[in-house]
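Note that the structure is predicted; figures quoted are calculated from it, not measured. Excluded from the calculations below are hydrogen atoms, water molecules and symmetry mates; all remaining heavy atoms, backbone and side chain alike, are included.
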Amino acid sequence: MRFDNLVPWRARPNFRLDAWAAFLSGLWAGGIFPFTAFIARDRLQAGGFELGLMTAAPFVGNLIALPLSHLLDRGHPVRAVALAHTVARSTMVAASFVHGSVAFAWVVFAVQCIGAVSAPLAATVLRQIYPLEWVGRLLSYSRFLLLGGMIFSTLVAGVLIERFSYRWVFLAYAPLGLVAMFIYSRIRIPGGAAAATEGDVVRHTLGALRLLKEDPAFRWFSLAVFVYGFGNLMSVPVCTIYQVDVLKITSAQLATLNIVTQVVWMLSYVFWGRIVDRVSPLRVVLVNTLLGAVMPLNHIIATDVWMLLPMALVNGVVYAGIELSYFNSVMHFSTPETTARYQGVHSLLLGLRGCVAPFVGAVMAQGLQHSGRDVRWVFLVGMLLVFAGAWLQWRGLKVPGGIHARR
């Protein structure tokens, strides 16, 4: 991985490990997750509940991340992150053996839920192994490599799933994810592992939630993210229903759209990685929230699969910008000692919206279908909520505290 000249020398050993783990994780994820909803709907005839369940999965993990990260953190956050993802990726093997859409959905749910549990600890690792002023750029470099792996992997998997059973394809990709976590587990925190936090889980969780009261800028940020994300996520399972049932998308077409997104996503990491280290990440959140309205809008007007190309392009920009700006917002609101608490609260709120919004969208779509109405009404409601979240984010920029007190 030839990124050495772009990385501070003291961070290079850990970055090499992080980079290889990201690349191999991209190879694993790219062969599986772009196709899970499609397989569930097209091959297994999944309904709205199953699609909502898979969409909600990582957010259920976010919901329980705050209390569980406290239990997992015993001074070895790297080990805890590697363990969580190893268990998750091992569980994915079961998707090759289950029959029926419900069982398949529950396996995908378990995999993504377990993987998301370690988010606060993963943030702690990054904060401890990289200088703060370099976090955005180094995270963008590793994500660039992750997306590079995903692009290649999705291209190959799209062809293989058309010709062979997805069961064999999923099995073939399994070792890549496990090797990635073995490499990640070798990361070393400078000066040794941080001491584990004290106190029971309830006290730890309630103490973290007090941040919403104590930090008004963080409170506005959290509210804006909640509303925007609710509108976005309620549209996601309906996208699959509309693409499969109305637009008659194939796995090859889906792979092409995903590759377009992933290429733009990968390139956007380089752009946003430099931006969020230099300007307020809250402003970057606002820009990407507004761009997030393209996804529901594009589905409202699309009558052919290839009319979704604008969404595929813009999603790549948004995915990179949202991830880096969310992460850097948490970094700027917090100190090294409070990063896990801020990230835990952020994950908890992401989890709350993600547990509800996909099912709201799926139920709305089923109700519209049963009454003979167009499911695209769900996209309109989702788009309005996205704009509401953008307004809240703009309003929050005027609130003192957090990043405003530091700049």
Side-chain angles (χ1 to χ4, degrees), residues 1-30 33 58 65 69 72-73 75-89 114-153 175-194 262 265-274 276-277 319-320 322-328 330-331 336 339-340 343 347:
M1 301 294 176
R2 295 295 181 181
F3 282 83
D4 282 0
N5 292 335
L6 303 174
V7 180
W9 68 269
R10 280 180 290 187
R12 287 176 190 172
N14 279 331
F15 179 77
R16 292 189 190 105
L17 296 170
D18 193 20
W20 275 109
F23 179 70
L24 292 172
S25 292
L27 290 176
W28 173 76
F33 290 111
S69 65
L72 287 171
D73 183 10
H76 298 283
V78 172
R79 198 176 302 169
V81 173
L83 175 62
H85 283 281
T86 299
V87 172
R89 296 174 187 195
I114 296 169
V117 163
S118 64
L121 295 181
T124 299
V125 171
L126 289 173
R127 185 64 183 265
Q128 292 178 353
I129 66 174
Y130 297 144
L132 177 59
E133 64 274 15
W134 281 84
V135 168
R137 275 167 287 181
L138 296 183
L139 180 60
S140 72
Y141 298 156
S142 66
R143 293 297 191 266
F144 182 92
L145 293 168
L146 183 141
L147 265 296
M150 286 186 70
I151 291 167
F152 175 77
S153 191
L176 294 170
L178 298 178
V179 172
M181 284 302 99
F182 171 75
I183 294 173
Y184 182 88
S185 69
R186 296 173 60 197
I187 289 175
R188 294 293 176 264
I189 294 176
Q262 290 163 2
W265 192 355
M266 179 175 66
L267 297 175
S268 295
Y269 271 126
V270 178
F271 170 74
W272 289 124
R274 293 184 178 275
V276 297
D277 280 334
Y319 290 164
I322 284 290
E323 180 181 6
L324 293 179
S325 59
Y326 278 5
F327 186 83
N328 267 42
V330 171
M331 294 296 104
T339 296
Q343 181 63 42
S347 294

Practice item. May I ask you to test the M150-S25 pair for a side-chain heavy-atom distance under 4.5 Å? Key: no
Exercise for review: Using side chain to side chain contact (heavy atoms under 4.5 Å, CB included) as the criterion, list what pairs up with V78, not counting sequence neighbours.
Suggested key: V125, Y184, I187, I189
Check your understanding: Which residues satisfy the ring-ring contact (aromatic ring centres under 6.0 Å, His included) test with Y319, sequence neighbours excluded?
Key -> W265
**Study point:** Residue pair Y326 / V330, side-chain heavy-atom distance below 4.5 Å
**Key:** no
Check your understanding: Which pair of heavy atoms, one from A180 and one from R89, lies closest together, and at what distance?
Key -> CB-NH1, 3.7 Å
Check your understanding: From F15 CZ over to L145 CG, what is the distance, rounded to the nearest 0.5 angstrom?
Key -> 6.0 Å
Exercise for review: Output all residues satisfying side-chain hydrogen bond (donor to acceptor under 3.5 Å, both in side chains) with S268, sequence neighbours left out; order by chain, then residue number.
Suggested key: none
Review point. How long is the span from the CG atom in L126 to the CG atom in D18, to the nearest 0.5 Å?
Key: 6.5 Å
Practice item. Please answer whether the main-chain N or O of R186 pairs with a side-chain N or O of R188 as donor and acceptor at a distance below 3.5 Å. Key: yes
**Study point:** side-chain hydrogen bond (donor to acceptor under 3.5 Å, both in side chains) partners for S153, two or more places apart
**Key:** Y173
Check your understanding: Rounded to the nearest 0.5 Å, how far does CD1 of I114 lie from CG of L83?
Key -> 10.0 Å
Review point. Atom CH2 in W20, atom CD1 in I183: separation rounded to 0.5 Å?
Key: 7.5 Å
Check your understanding: Mind checking what makes side chain to side chain contact (heavy atoms under 4.5 Å, CB included) contact with A29, not counting sequence neighbours?
Key -> F33
Revision key, fill the gap. So CG of L27 and CG of L146: to nearest 0.5 Å the spacing works out to 9.0 Å
Review point. Taking only residues two or more places apart in sequence, or in another chain, which ones meet R143 in a salt bridge (Lys or Arg N to Asp or Glu O under 4.0 Å)?
Key: E323
